[in-house]
Amino acid sequence: MATTEHPPPSRLRAWMLEGLSDMAKSQDQDQGQGQGQGRPAEQKASKLEPEGQPWYRVMCLTGVDYFSTLGYQPGIAALAAGLLSPIATIVLVIVTLAGALPVYRRVAEESPHGQGSIAMLERLLTFWKGKLFVLTLLGFAATDFLITITLSAADASTHLVENPHLNSALHDKQMLITLILVALLGAVFLKGFLEAIGVAVVLVGIYLALNVVVVIVGLWHVITAGHVVTDWSSALTAEHGNVFVMIGVALVVFPKLALGLSGFETGVAVMPHVKGDPGETEENPAGRIRDTKKLLTTAALIMSCFLIATSFITTLLIPEKEFESGGQANGRALAFLSHEYLGGAFGTVYDVSTIAILWFAGASAMAGLLNLMPRYLPRYGMAPHWARAVRPMVIVFTLIAFLVTWIFDADVDAQGGAYATGVLVLISSAAIAVTIAARKAGQRNWTIGFAVISAVFLYTTVVNVIERPDGVKIGACFIAGIILVSLLSRLARAFELRVTSVSLDPMAERFIRDMASRKIRFIANEPDSRDKAEYRDKIEQIREDNDIPGQEDFVFVEVTVTDPSEFEAGLTVRGEVLHNRYRILTLESSSIPNALAALLLHVRDTTKCTPHIYFEWTEGNPFANFLRFFLFGQGEVAPVTREVLREAEPDRARRPRVHTG
């Protein structure tokens, strides 16, 4: 599509929108693949997007979210399950390895461009119900990712404030510290994505190494102090009786440990940054899929080992009262052990490492948001055009994180329910999506297996919602906000030229070349029976309404509306001759006015002539007709076509002519 020239943007605007066009191309490619329309892979990558990173480096980016939960997960497990914490954690690990991991390995196969399970479910529904369903899932994804940013920053500030050496100086500064940490995270992403991955690799390496030391020392103390295990097993038997009761209770309290499942959705969301094999294409990224599976499996195995070991040593070595609110191990069980058994110097180093990784845990969430939201909302017309660029979206998400932090007063516990709800809804939707995919592929055993996994996650989600309904309320606020902003954006962009390209078949090109030798006149026609009388009567009516001489020639243009909820797409024009006399151009589009405006501008640019198009006035209430256009792509066709042309071509002298009789 030819566009009107605009003055060069300012340096600030150019910096903010850097990589915008390349991101748009990438998203067009993703959309085409989702619809089964393969396109050549783009060779030029956005400057803000890396060429590709080894899978273990990208694992560190998702790992700052996943692995950082060690900072608070053992304490949550101890509060929820008490002496049963190790057994309940084993249940969590089984669900992770036998449930979440197979699900997301399949998601990586089905959606290798980072859209995740949302894209898989999007294909099942069409029209507006599909868009509203996707917006709902995006609302829960936003809940998950944004709460990850704010909760992790708040927990990092808690570790900082609770450090014995800093408590007296910082005890009332948690809100300010949290806001500073969120702002620093945004600054990293404004600088560039490569820097974020580099920081993540360093933080994860140091943090896991320190945790290995804490776990080894903790296990050594458990082994050398033999009475610890004996006391724990005796208390466990006295409290629960037998092993079957213990397992039953562990299954009941398991949903409270659901935060330990975080990280899988972001693992898939940042999948486009995994480096594939040399020469592989976006249509068949086999190397990226294989390495993403390695990423997911390795992260799950590492985390499972740490979860079991840390829940065991914290339950046996830390007095139960210390886990409660106000206790020294509340929200920082492993930090408590590091100070207790390795001294103040190591404990402080561990605190610094924990604070750093908890702060940067928001990096994987930010990366997920930056990969997920621009793939859907701009394509639906439900976000401004600049929402495809990285830096403006970083600023938007950072400001929202500020608001969430202020609303929750930087309280970790207050945000836990919303976080768990977002995580569980996304995992449940992913499990359902892969179940449907396996069924369509005729894989009976996988279908049964994934169905069982879906039932487990749905049960966990329902239990979590019943116990902590605040999570659904917060998620509903995000959903309502996304839907409201999306509809307002769609309304504001209603008259925007949405066609990304125009292609004509040989017959259509022949019609245009023939008309270019004289005045180009089109008649917009809503096809009915398409018999000879329909076209004859239409020409007579247009000539009479517009006082056009009989010798003037016309070509009919007929648009068939496909999915009116779609926003941007290419336009294919086909030519045909009916009844050996009437030349007709047929188009398929989500919007009649946009298709007509795009065709007129294309004809003007290729022929250097000003085309004319003739309409009838639409009968009925103008407001009702506009709603028909907004929701169903048809209605006030004539005035809307002119308005689209006016916005696309400010120069009135170059604008195609619209006539209405």
Side-chain angles (χ1 to χ4, degrees), residues 27 30-31 34 103-104 107 110-111 114-149 258 261-262 264-266 268-269 365 368-383 387 393 396-397 400 404 415 417-437 454 457-466 468-491 563-567 630-631:
Q27 289 157 28
D30 292 341
Q31 182 185 6
V103 164
Y104 278 96
V107 171
E110 300 283 343
S111 181
Q115 308 98 310
S117 57
I118 296 177
M120 297 173 63
L121 293 170
E122 180 190 22
R123 300 167 197 157
L124 303 177
L125 298 171
T126 58
F127 299 98
W128 285 105
K129 59 181 179 291
K131 301 298 181 291
L132 292 175
F133 180 70
V134 169
L135 291 177
T136 300
L137 289 181
L138 287 177
F140 282 111
T143 303
D144 178 9
F145 293 152
L146 280 168
I147 296 295
T148 297
I149 294 172
L261 293 167
S262 66
F264 282 101
E265 190 71 30
T266 50
V268 174
L369 284 168
L370 293 174
N371 187 64
L372 196 62
M373 295 297 179
R375 290 183 181 273
Y376 291 97
L377 298 183
R379 175 159 61 88
Y380 292 172
M382 294 178 172
M393 294 306 292
V396 169
F397 293 140
I400 295 174
V404 172
Q415 300 176 68
Y419 186 25
T421 300
V423 170
L424 289 172
V425 168
L426 290 179
I427 293 180
S428 298
S429 66
I432 293 170
V434 299
T435 302
I436 296 171
S454 300
F457 284 124
L458 287 173
Y459 156 76
T460 307
T461 304
V462 171
V463 171
N464 182 77
V465 168
I466 293 173
R468 294 185 283 185
D470 55 314
V472 170
K473 295 175 184 176
I474 296 165
C477 291
F478 276 105
I479 293 168
I482 285 178
I483 291 177
L484 178 61
V485 171
S486 297
L487 292 178
L488 290 175
S489 175
R490 180 79 179 232
L491 188 62
D563 183 352
S565 64
E566 290 294 337
F567 191 76
F630 180 72
L631 294 174

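- Residues satisfying the side chain to side chain donor-acceptor pair (under 3.5 Å) criterion with Thr461, sequence neighbours excluded, are Ser428.
- In terms of heavy atoms, Ser454 sits closest to Ile432 at OG-N, 3.5 Å.
- Ala437 meets the side chain to side chain contact (heavy atoms under 4.5 Å, CB included) test with Arg106, Glu110, Met120; sequence neighbours excluded.
- The side chain to side chain contact (heavy atoms under 4.5 Å, CB included) test applied to Thr136 returns Phe140, Ile479, not counting sequence neighbours.
- The side-chain heavy atoms of Ile427 and Val103, taken from C-beta on, include no pair separated by under 4.5 Å.
- For Phe397, there are no ring pair (Phe, Tyr, Trp, His ring centres under 6.0 Å) partners at least two apart in sequence or on another chain.
- Annotation: the span from Asn464 atom CG to Tyr459 atom OH amounts to 11.0 Å, rounded to 0.5 Å.
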